[in-house]
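Structure first, then comments.
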Amino acid sequence: ISIAGRDVGENAPAFVLAEVASAHQGEAVQALALAKQAQAAGADGVKFQLFRAGDLIAPNDPRYSTFEQIALSLEDWDQVLSESRALGLALFGEVFDRESLTLAERHELAAYKIHSTDIENPEFIRAVAATGKPLLLATGGSGLGAVEAAIEVARTEGNEKLMLLHGVQNFPTRVEDSHLLFLSTLKSLFGLPVGFLDH
């Protein structure tokens, strides 16, 4: 597949994506600083997690206040995404809700990631796939049947720009726990480009 003018997959150089996620701790200035560090380190792209706390987690969940604290406002995201684009990096969005997807589309992000917690959310996968943008499906903690179903849902929207991301859901992941051979398993079973979330 092609992402931001770069071939990704078989016989193509590795595409290095800097993972900001929510390490900005709810500060737009910090988000921009991390994007600048990604550029300085030679990354090909940078990925942010775009979400609204109220759409991601229930207000009575003990973690709600943490998510509310690290969620950037739409105005902050407009600044962060516009200024990050000026750095020349490909911008990726890990989207969690419709409003965040709308924000990402307004800023013409290069590709989207579906978090492993949404791998069995066909309605949302369908909405993201319908953008026609490259779609990265995180497989961590998912059974192969769920991965196959998510791929088929994306394809019902005519989106063949699919990539699978393998990563182990513990932080930090020890090298001996990384199960790197699973990359070959995913590739042979599904015939799609694969990537590694090093966590």
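Residues take their numbers from the sequence shown, with the count starting at 1.
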Next item on the list: Show your reasoning for whether side chain to side chain contact (heavy atoms under 4.5 Å, CB included) applies to Val194 and Phe182.
Entry: CA-CA 10 Å; Val194 296; Phe182 193 61; over 6 Å; no
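- Legend: ring-ring contact (aromatic ring centres under 6.0 Å, His included) pairs involving residues 131-158, not counting sequence neighbours: none detected.
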Item checked: Worked check of side chain to side chain contact (heavy atoms under 4.5 Å, CB included) between Leu50 and Leu101 -> CA-CA 8 Å; Leu50 307 176; Leu101 178 59; over 6 Å; no
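- Within the structure, ring-ring contact (aromatic ring centres under 6.0 Å, His included) pairs that include any residue of residues 82-121 comprise Phe15-Phe92, Phe96-His115 (at least two apart or interchain).
- In terms of heavy-atom proximity, Ala71 sits nearest to Phe51 at CB-CE1, 3.8 Å.
- Counting all heavy atoms, side chain and backbone alike, Asp118 lies closest to Val95 at OD2-O, 4.5 Å.
- Here the closest heavy-atom approach between residue Ala111 and residue Ile3 is recorded as CB-CG2, 4.2 Å.
- Atom CD of Glu120 sits in a sparse spot, with 12 or fewer heavy atoms from other residues, nucleotides or ligands closer than 6.0 Å.
- Taking all atoms of both residues into account, the shortest heavy-atom contact from Ala38 to Ala18 is CB-CB, 3.4 Å.
- Between Arg106 and Leu81, every side-chain heavy-atom pair lies at or beyond the 4.5 Å cut-off.
- You'll find the side chain of Glu19 stays beyond 4.5 Å of the side chain of Asp198, heavy atoms only.
- When all heavy atoms are compared, the tightest approach of Ile70 to His24 is O-CE1, 3.1 Å.
- Hydrophobic clustering (ILVMFWY, side-chain heavy atoms < 4.5 Å, transitive): Leu103 and Leu109 are in one cluster.
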Notebook entry, point to check: Do Arg85 and Glu108 pass the salt bridge (charged side-chain N to carboxylate O under 4.0 Å, His left out) test, and can you show the C-alpha distance, the side-chain angles, and the key distance before you say yes or no?
Noted result: CA-CA 10 Å; Arg85 177 178 301 287; Glu108 300 180 344; 5.3 Å; no
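- Between the side chain of Lys161 and the backbone N or O of Gly132 there is at least one donor-acceptor pair closer than 3.5 Å.
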Next item on the list: Determine, stepwise, if the pair Gln30 / Gln25 fulfils side chain to side chain contact (heavy atoms under 4.5 Å, CB included).
Entry: CA-CA 8 Å; Gln30 182 66 10; Gln25 296 298 303; 5.9 Å; no
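- Proximity of Val46 to Leu91: side-chain heavy atoms (C-beta onward) are separated by under 4.5 Å at one or more points.
- Proximity of Leu17 to Lys113: side-chain heavy atoms (C-beta onward) are nowhere separated by under 4.5 Å.
- With hydrogens and angles disregarded, no donor-acceptor distance shorter than 3.5 Å links the side chain of Asn159 to the backbone of Leu135.
- One distance of note links OG of Ser116 with CD of Glu94; it measures 8.0 Å at 0.5 Å rounding.
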Indicate every side-chain donor-acceptor pair of residues 136-143 with a distance under 3.5 Å to a residue at least two apart or in another chain.
from, atom 1, to, atom 2, distance (Å)
Thr139, OG1, Leu165, O, 3.1
Ser142, OG, Thr139, O, 3.4

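- Taking OG of Ser84 as the start and CD of Gln79 as the end, the distance is 9.0 Å to the nearest 0.5 Å.
- In this structure a side-chain-to-backbone donor-acceptor pair under 3.5 Å is missing from His179 to His166.
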Margin query: As a quick check of understanding, evaluate side chain to side chain contact (heavy atoms under 4.5 Å, CB included) for Leu164 and Ile151, giving each step before the final call.
Written below: CA-CA 9 Å; Leu164 301 176; Ile151 292 168; 4.1 Å; yes
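- Under a 3.5 Å cut-off, the side chain of Ser188 and the backbone N or O of Thr185 do form a donor-acceptor pair.
- The side-chain contact (heavy atoms from CB on, under 4.5 Å) check on Arg98 picks up Glu123, Phe124, Ala127, with sequence neighbours excluded.
- Between the side chain of Asp44 and the backbone N or O of Val16, at least one donor-acceptor pair lies under 3.5 Å.
- Each salt bridge (Lys or Arg N to Asp or Glu O under 4.0 Å) pair with one or both residues in residues 25-34, not counting sequence neighbours, would appear here, but there are none.
- Residue pairs meeting the salt bridge (Lys or Arg N to Asp or Glu O under 4.0 Å) criterion with at least one member in residues 132-159, sequence neighbours excluded, are Glu105-Lys133, Arg126-Glu157, Glu152-Arg155, Arg155-Glu160.
- A pairwise comparison of heavy atoms in Ala110 and Pro134 identifies O-CD, 3.3 Å as the closest pair.
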